[in-house]
Amino acid sequence: MADMTFRDVGKSFGRTEVLRDVNLDVADGEFVVLVGPSGCGKSTLLRMIAGLEPISTGEFRIGGQLMNDVRPRDRDIAMVFQSYALYPHMSVERNMGFPMEIAKAPKAEREGPVRGAAETLGLTKLLDRLPRALSGGQRQRVAMGRAIVRDPVAFLFDEPLSNLDAALRVEMRLEIARLRKRLGTTTVYVTHDQVEAMTMADRIVVMEGGLIQQVGTPMELYDRPANAFVAGFIGSPKMNLLDGTPAEGGLRIGSAVWPAPPGTTTLGIRPEHLSLEPTGLPPLEAELTVIERLGSDTNLFCEVPGIGTVLARVPGNVDLSAGAPLSLSPRPDRLHPFDAQGVRTGG
Ligand SMILES: Nc1ncnc2c1ncn2[C@@H]1O[C@H](COP(=O)(O)OP(=O)(O)OP(=O)(O)O)[C@@H](O)[C@H]1O
Ligand SMILES: [Mg+2]
């Protein structure tokens, strides 16, 4: 079993605390995605799982076994980095078999797993090439192949696709999804890409400033962010977070009063949940300032007096131009209320 548990795990570099109170359970076979702003401690957490970085406080277990003092090579975990870290003078075949070579497996024993991984990743015809004669996507596949060959108890990925162009990223994302279905290996995956996080994760862990902010399925985080940070972080384009003033019946935002539990100071509404049609709640009166036509959708950047910029996203194309007055109505079941500390107050 390769379930992982973190109990009150913390990490300091000298006097600088970079992770604290990490409490997390990853189930056997689960695919967990870590997201958060740069410097929040994602790579550090991965490195602690791999054993490349000592754990300062707390307990980390794999399959119930305490790992704090277990050496990296005895943890049986494969890590794939953003920089593919291939050996430039070794062929694809040797790069992929290298972990087994280090483990002193004879060549005959290495061949099967390497061929199998190459087959899975579409690298069979490239086995004799050197890394410099490969495209970025092919190099990334070799790095993944090297991880698979070991048949590890868990995979760790640190932004593995961020060096690829958009089309290749989509391709590799599907590749990883297929692999994952086939292998069913416990995986912790770090990314900055919203789409990767939303589509690949069983659960997403949102981190900020060394703390876990929320853990949940992609839809739990999208539908019910626990605080304003998660609300703003999950979802693209970002949720509008509108500060209001208490009023009879809820919170006053610009020209409208929207329902809100007591203590609410901010209402969040995602761009896709603002409508140009009436929704039953009073609309925000706004002026269209910038229009972005994406084909499938249109982004309407609006100016709301006393509030600032509000983004609405409507399906298809709309016949509007900058300067037009707009009435933006929120879907009533899609308002997210937060207090002055950013904590969700209900809904
Ligand atoms: N060896 C180290 N010594 C001191 N501080 C470090 C060390 N490694 C990382 N840090 C600090 O720990 C914090 C977390 O770094 P980490 O690399 O885990 O962030 P990250 O979430 O992976 O960021 P990014 O998205 O930019 O990769 C940062 O503030 C970083 O400066
Ligand atoms: Mg990092």
Side-chain angles (χ1 to χ4, degrees), residues 4-24 26 31-60 62 67-72 75 77-86 136 139-140 143-144 146-147 154-166 169 172-173 176 186-201 203-216 218 221 225-236 238 342:
M4 298 180 190
T5 56
F6 301 82
R7 287 292 169 267
D8 302 321
V9 167
K11 174 73 189 174
S12 301
F13 291 106
R15 286 210 193 132
T16 316
E17 191 179 46
V18 297
L19 284 170
R20 66 191 156 98
D21 302 336
V22 175
N23 284 290
L24 179 68
V26 178
F31 197 106
V32 166
V33 173
L34 304 182
V35 296
S38 186
C40 72
K42 304 179 295 294
S43 296
T44 304
L45 191 58
L46 276 198
R47 293 171 57 78
M48 286 159 70
I49 296 174
L52 301 172
E53 203 59 81
I55 293 166
S56 307
T57 56
E59 295 187 342
F60 169 58
I62 300 179
M67 286 288 130
N68 291 47
D69 298 319
V70 175
R71 289 174 306 179
R75 295 192 188 194
I77 287 176
M79 187 153 172
V80 179
F81 300 91
Q82 173 179 6
S83 61
Y84 318 125
L86 300 178
R139 280 179 217 172
Q140 187 52 285
M144 283 183 9
R146 188 174 50 188
F155 289 121
L156 306 177
F157 289 93
D158 199 351
E159 305 190 46
L161 309 185
S162 55
N163 283 339
L164 305 179
D165 69 33
R169 272 217 297 271
M172 289 304 293
R173 202 170 75 214
I176 292 175
T186 310
T187 301
V188 183
Y189 189 103
V190 172
T191 183
H192 273 112
D193 184 303
Q194 287 274 332
V195 180
E196 280 176 33
M198 293 301 281
T199 58
M200 297 168 90
R203 286 186 304 155
I204 297 176
V205 177
V206 183
M207 297 171 57
E208 188 209 15
L211 277 175
I212 292 181
Q213 295 290 329
Q214 191 174 0
V215 182
L221 299 193
N227 57 48
F229 177 79
V230 175
F233 199 81
I234 295 289
S236 177
K238 263 167 72 95

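Counting begins at 1 with the first residue of the sequence. Ligands are counted one by one from 1 in listed order, and the atoms in each one are counted from 1 as well.
Nearest protein heavy-atom neighbour of atom 16 (P) of ligand 1: Thr44 OG1, 3.5 Å. The single protein non-hydrogen atom nearest to atom 17 (O) of ligand 1 is Ser43 CB, 3.7 Å, given as residue, atom name and distance. Scanning all protein heavy atoms for the shortest distance to atom 1 (N) of ligand 1 gives Phe13 CE2, 3.5 Å. In this structure, atom 25 (O) of ligand 1 lies nearest to the protein heavy atom Lys42 NZ, 2.8 Å. The protein non-hydrogen atom at the shortest distance from atom 26 (O) of ligand 1 is Ser38 OG, 2.5 Å.
Note: an N/O pair closer than 3.5 Å links Cys40 and ligand 1 by distance alone.
Contact of the Leu19 side chain with the Met48 side chain is registered, since non-hydrogen atoms from C-beta on lie closer than 4.5 Å. Residues Ile204 and Met198 meet the side-chain proximity criterion, which asks for heavy atoms closer than 4.5 Å. No side-chain heavy atom of Met207 sits less than 4.5 Å from a side-chain heavy atom of Val22. Side-chain atoms of Lys42 and His192, non-hydrogen and from C-beta on, do get closer than 4.5 Å to each other.
Inspection of the Gln214 and Asn227 side chains reveals no N or O donor paired with an N or O acceptor under 3.5 Å. Looking at Gln194 and Ser236, their side chains never bring a donor and an acceptor atom within 3.5 Å of each other.
Atoms of ligand 1 found under 4.0 Å from any heavy atom of Val18, numbered from 1 in the order shown, are 11 (C), 12 (O), 13 (C). Below 4.0 Å from some heavy atom of Glu159 lie the following atoms of ligand 1, by number and element: 25 (O), 27 (O). Of all the atoms in ligand 1, the ones that sit under 4.0 Å from a non-hydrogen atom of His192 are 25 (O).
By heavy-atom distance, the residue among Gly39, Ser12, Gly36, Gly209 lying nearest atom 23 (O) of ligand 1 is Gly39.
The backbone N or O of Phe60 lies less than 3.5 Å from a partner atom in the side chain of Asn68, making a donor-acceptor pair.
Because the distance cut-off is set at 2.8 Å, Ser43 qualifies as a neighbour of the Mg ion (ligand 2) through one of its N, O or S atoms.
Ring geometry, Phe157 versus Phe155: the interplanar angle falls from 30° to 60°, so the pair is classed tilted.
Counting only heavy atoms, the protein gets under 4.0 Å from atom 4 (C) of ligand 1. For atom 31 (O) of ligand 1, no protein heavy-atom neighbour is present inside the 4.0 Å cut-off.
Checked against Phe6 for a side-chain contact (heavy atoms from CB on, under 4.5 Å), the options Leu45, Ile55, Ile212 give a single hit: Leu45.
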